[in-house]
Student: 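Mind having a look at this structure? Questions to follow.
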Protein chains: 2
Amino acid sequence: MQQKDVVRVGLMGLGTVGSGVVRLVEDHRDDLEKQTGQRIEITKVLVQDASKERSVQLQELLTDDPAQILENDEIDVVVEVMGGIDLTREYILRALERGKDVITANKDLIALHGGEILSVAAEKQCDVFYEASVAGGIPILRALVEGFSSDRITKMVGIVNGTTNYILTEMEREGALFEEALSQAQDLGYAEADPTSDVDGLDAARKMAILATLGFHIDMPLSGVAVKGIADVTQEDVSFAHQLGYRIKLVGIAQRDNGKVEVSVQPVLLPLSHPLSSVDGVFNAVTVYGEAVGETMFYGPGAGAMPTATAVVSDLVTVVKNRRLGVNGRGTVAPYQECNLKSPGEIRSKHFLRLHVLDEAGVLAKLTMIFANENVSLEKVLQLPYRGNGAEIILITHLASRHQLERIQGKASSLEAVQSIQSYYRVEGGSE
Amino acid sequence: MQQKDVVRVGLMGLGTVGSGVVRLVEDHRDDLEKQTGQRIEITKVLVQDASKERSVQLQELLTDDPAQILENDEIDVVVEVMGGIDLTREYILRALERGKDVITANKDLIALHGGEILSVAAEKQCDVFYEASVAGGIPILRALVEGFSSDRITKMVGIVNGTTNYILTEMEREGALFEEALSQAQDLGYAEADPTSDVDGLDAARKMAILATLGFHIDMPLSGVAVKGIADVTQEDVSFAHQLGYRIKLVGIAQRDNGKVEVSVQPVLLPLSHPLSSVDGVFNAVTVYGEAVGETMFYGPGAGAMPTATAVVSDLVTVVKNRRLGVNGRGTVAPYQECNLKSPGEIRSKHFLRLHVLDEAGVLAKLTMIFANENVSLEKVLQLPYRGNGAEIILITHLASRHQLERIQGKASSLEAVQSIQSYYRVEGGSE
């Protein structure tokens with residue numbers, strides 16, 4: 001058993017989360033020591049520009065040379081909160097090769113290179129933890145790996161991107177247009193200057209790949225996640241959804257049926273009774289369904305300096321406890337299930353379709369006949385007048401495959417009376 | 001490091017949860033083996049009557065002699081799901097003395113004797129886990145101990161008793177009387193024939209003592225939990241609360257301010273915007289507030305054979321992994337904070353008061369003057385006619401101490417125009 005009084009941490013990155021980590025380690029040092037039996041010291045901090053003035057009083061620890069951390073045998077644990085992919089991967093692999101335990105908040109890196117990093121860690125008997133990479137302050141990875149280790153998880157549905165959830169919440173609450181809500185999110189610091197990764201669903205896709213990997217014990221490739229963002233969500237969609245008793249949320253879905261898996265991110269309609277539909281603003285939440293446990297939900301702040309720092313430093317507590325016991329890198333369970341992805345024809349859900357049609361006799365009959373011919377039954381139909389000579393038609397189906405819906409959309413577009421298919425959404429939850 | 005191919009489990013109790021544990025261990029044996037590297041075998045099952053026919057095919061493992069488990073050196077882990085206190089405490093201590101790890105779902109036992117049991121376990125280097133004892137299938141204890149190890153928890157508010165939550169949900173949704181809802185809960189198996197422990201809040205109090213112990217790192221005595229049950233909650237209260245935008249829920253509150261702690265269980269008014277207010281039926285949920293993480297919530301089934309069994313068997317997975325690494329009993333953090341309980345004068349909340357008064361000029365003025373003289377300001381006041389010559393008055397205060405409210409209730413009762421104080425509740429959440 002390894003015994004040591006001080007555990008030395010090399011921190012890579014001193015942005016929002018990095019500063020939060022420093023603050024938490026300093027403010028809670030005595031508590032952390034009581035829990036771990038060790039004193040945690042941040043020994044070196046990698047920054048891009050070591051001469052820049054900082055809010056945190058760490059000036060003498062700063063370095064712009066990664067070797068000062070990676071090749072420093074004094075340093076036991078590397079905490080990576082600098083972001084980035086290729087260079088960061090190289091740094092983390094170098095740290096592991098030198099026997100350092102690693103904690104990272106980097107979802108991009110873990111979603112792309114998690115398998116490689118974890119296998120090097122296992123070989124070198126080092127811990128790699130990344131609780132902060134998904135849903136910020138919510139300890140959801142621990143819940144999957146430990147809390148539900150005895151169960152078979154069948155489905156995870158998550159609001160795992162605060163930026164888009166803020167935008168959609170504002171669109172529903174304030175009647176804002178997408179562009180207005182986005183620019184407001186940027187003003188408040190909830191969205192980046194370049195919001196592409198959030199708005200297009202890529203950030204959420206990375207988190208869902210991580211959840212699927214851990215929840216289903218598979219090697220879920222990021223390329224297997226079907227992604228659609230919220231840039232096309234209109235105020236009309238939000239408001240019609242609301243009238244029909246739904247909210248539109250950007251939701252990640254990871255589902256396993258009969259050994260086959262689907263993982264996707266898209267704006268979906270959630271019934272108001274769904275536990276995720278009341279998750280507003282920048283909050284995150286993940287519902288987890290297990291064969292034995294049934295429905296559970298985990299809710300909390302998905303981002304922010306201090307919430308994310310709690311996840312990072314709680315991982316650090318685990319690493320430090322493991323060091324005391326000399327068991328780092330021995331607890332990880334490698335994926336043991338095969339990753340068979342469903343084909344689009346096997347992905348079944350309810351669907352929402354909104355169309356503009358000419359208000360002629362028989363249009364609705366022709367339209368619904370297309371659904372009937374595809375053997376897709378309808379749960380809700382709403383027809384409203386639209387600009388004098390037209391009609392707005394909204395249809396919500398019972399369970400049907402994405403393929404069936406594509407064929408239906410094709411046939412519907414070719415009807416003369418159909419002017420346009422305004423929008424299409426997956427519908428999640430509620431009875432089938 | 002200990003290496004072993006089979007881990008042998010002695011199961012004490014084969015009721016609802018015990019049968020669930022057997023089913024989960026049998027159905028998921030291969031998964032559990034992949035995760036732990038060990039095969040889990042249930043070797044002996046303690047029952048009261050070994051000759052009784054069972055649904056589970058375990059007949060040859062049954063025994064009514066506890067020594068067959070406790071003094072059996074073949075058995076590595078004891079899983080206690082038989083309930084009870086004094087005898088069960090003795091069994092568990094005997095198991096620990098023989099070096100067996102222990103998993104229990106027994107909240108009564110842990111709330112009363114957890115300190116003693118954990119200290120014997122630490123001495124004998126055995127694990128004792130009890131995730132199933134609070135909030136059934138929700139991995140809330142892991143979240144407190146590991147997920148938030150880096151943070152300082154300031155408050156936990158929980159719906160931790162499904163029976164009373166079912167009763168209150170029915171009273172609100174269906175307009176049922178307390179007695180009707182209780183008898184319905186009994187018919188559905190959600191309430192016991194003798195529902196005292198649930199209805200009087202004792203079951204919830206035990207769970208809150210466990211949450212406070214782990215969340216605040218204190219030795220929280222069960223006797224320090226202030227308890228009030230739901231037997232006096234009337235249909236009028238539920239309906240007036242609803243009109244004012246609140247729901248009545250039996251809620252456990254554990255709060256720490258300036259190093260002083262309060263732990264209580266009582267029916268409270270929760271604003272509809274509170275994350276717990278939409279937790280209906282037999283579901284449980286716990287909100288956890290941390291200085292750094294802010295607000296989080298954990299939601300799921302609070303009882304039932306399979307959900308509770310997932311918590312027990314997930315604990316078993318941890319024990320088996322620890323055995324493989326030879327670190328059982330080394331990870332527990334004993335309480336390191338002093339337990340200073342607040343005096344009633346230090347417990348501050350909002351309050352709801354409902355009175356019947358004579359409809360005379362100046363009654364409301366006299367009544368509100370009593371609040372003003374105690375320096376308690378009012379957030380909401382509602383006056384309605386009551387039976388011709390009377391009035392119903394409802395007052396919701398801003399933050400005030402329980403002491404202040406008691407003095408106010410005393411003075412109000414002595415007003416000639418006040419016929420009765422119909423009900424009093426704590427109000428939780430919302431702005432202050």
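Side chains included, hydrogens not; waters and symmetry mates left out as well; all remaining heavy atoms used. Letters A, B, ... mirror the listed sequences (proteins, then strands); counts begin at 1.
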Student: Please state whether the side chain, the backbone, both or neither of B:Phe148 comes within less than 4.5 Å of a heavy atom of chain A.
Tutor: both

Student: State, yes or no, whether a side-chain contact exists between A:Leu270 and A:Tyr246 at a heavy-atom distance under 4.5 Å.
Tutor: no

Student: Measure from the side-chain N and O atoms of A:Lys207 to the backbone N and O of A:Val160, and report whether any donor-acceptor pair falls under 3.5 Å.
Tutor: yes

Student: Sort A:Leu32 into side chain, backbone, both or neither according to what part of it lies under 4.5 angstrom from a heavy atom of chain B.
Tutor: side chain

Student: Please identify, among B:Ser314, B:Ala311, B:Ala334, the residue contributing the most non-hydrogen atom pairs under 4.5 Å to chain A.
Tutor: B:Ser314

Student: Do you know which of B:Tyr336, B:Phe298, B:Phe283 has the most heavy-atom pairs under 4.5 Å to chain A?
Tutor: B:Tyr336

Student: Which atoms of B:Pro139 come close to chain A, meaning under 4.5 Å heavy atom to heavy atom: side chain ones, backbone ones, both, or neither?
Tutor: side chain

Student: My understanding is that only one of B:Arg330, B:Lys321, B:Arg323, B:Lys124 makes a salt bridge (Lys or Arg N to Asp or Glu O under 4.0 Å) with B:Asp101; could you say which?
Tutor: B:Arg323

Student: Is a side-chain donor or acceptor of B:Arg39 paired with a backbone partner of B:Asp5 at a separation under 3.5 angstrom?
Tutor: no

Student: Quick check on A:Glu131 against chain B: is it the side chain, the backbone, both or neither that has a heavy atom closer than 4.5 Å?
Tutor: neither

Student: Can you tell me which of A:Asp31, A:Leu24, A:Asp27 forms the most heavy-atom pairs within a distance under 4.5 Å of chain B?
Tutor: A:Asp31

Student: Examine whether an atom of B:Ile138 lies under 4.5 Å from a heavy atom of chain A, and if so say whether it belongs to the side chain, the backbone or both; otherwise answer neither.
Tutor: neither

Student: Assert yes or no for the condition that the ring centre distance of B:Tyr299 to A:Tyr299 is strictly below 6.0 Å.
Tutor: no

Student: Is B:Val293 close to chain A through its backbone or its side chain, or both, or neither, when contacts mean heavy atoms under 4.5 Å?
Tutor: both

Student: Check the pair A:Asn328, A:Asn322 against side chain to side chain donor-acceptor pair (under 3.5 Å), reporting the backbone distance first and the verdict last.
Tutor: CA-CA 5 Å; A:Asn328 301 76; A:Asn322 283 348; 5.7 Å; no

Student: Taking B:Gly304, B:Gly300, B:Ala292 one by one, which has the highest count of heavy-atom pairs under 4.5 Å against chain A?
Tutor: B:Ala292

Student: Which of the residues A:Glu146, A:His217, A:Met306 is involved in the greatest number of heavy-atom pairs with chain B at under 4.5 angstrom?
Tutor: A:Glu146

Student: Please look at A:Val313 and chain B and tell me whether the side chain, the backbone, both or neither of the residue comes under 4.5 angstrom of a heavy atom of that chain.
Tutor: both

Student: Which of the residues A:Val333, A:Thr332, A:Thr310 is involved in the greatest number of heavy-atom pairs with chain B at under 4.5 angstrom?
Tutor: A:Thr310

Student: For B:Thr318 and B:Arg142, test the side chains for any donor-to-acceptor distance below 3.5 angstrom and give the result as yes or no.
Tutor: yes

Student: Strictly distance-based, threshold 3.5 Å: is any side-chain N or O of B:Asp315 a donor or acceptor partner for the main-chain N or O of B:Ile103?
Tutor: no

Student: Quick one: CG on B:Asp257 to NZ on B:Lys155, what's the gap to the nearest 0.5 Å?
Tutor: 8.0 Å

Student: Hey, which of A:Pro307, A:Ala309, A:Gly20 has the most heavy atom pairs under 4.5 Å with chain B?
Tutor: A:Pro307

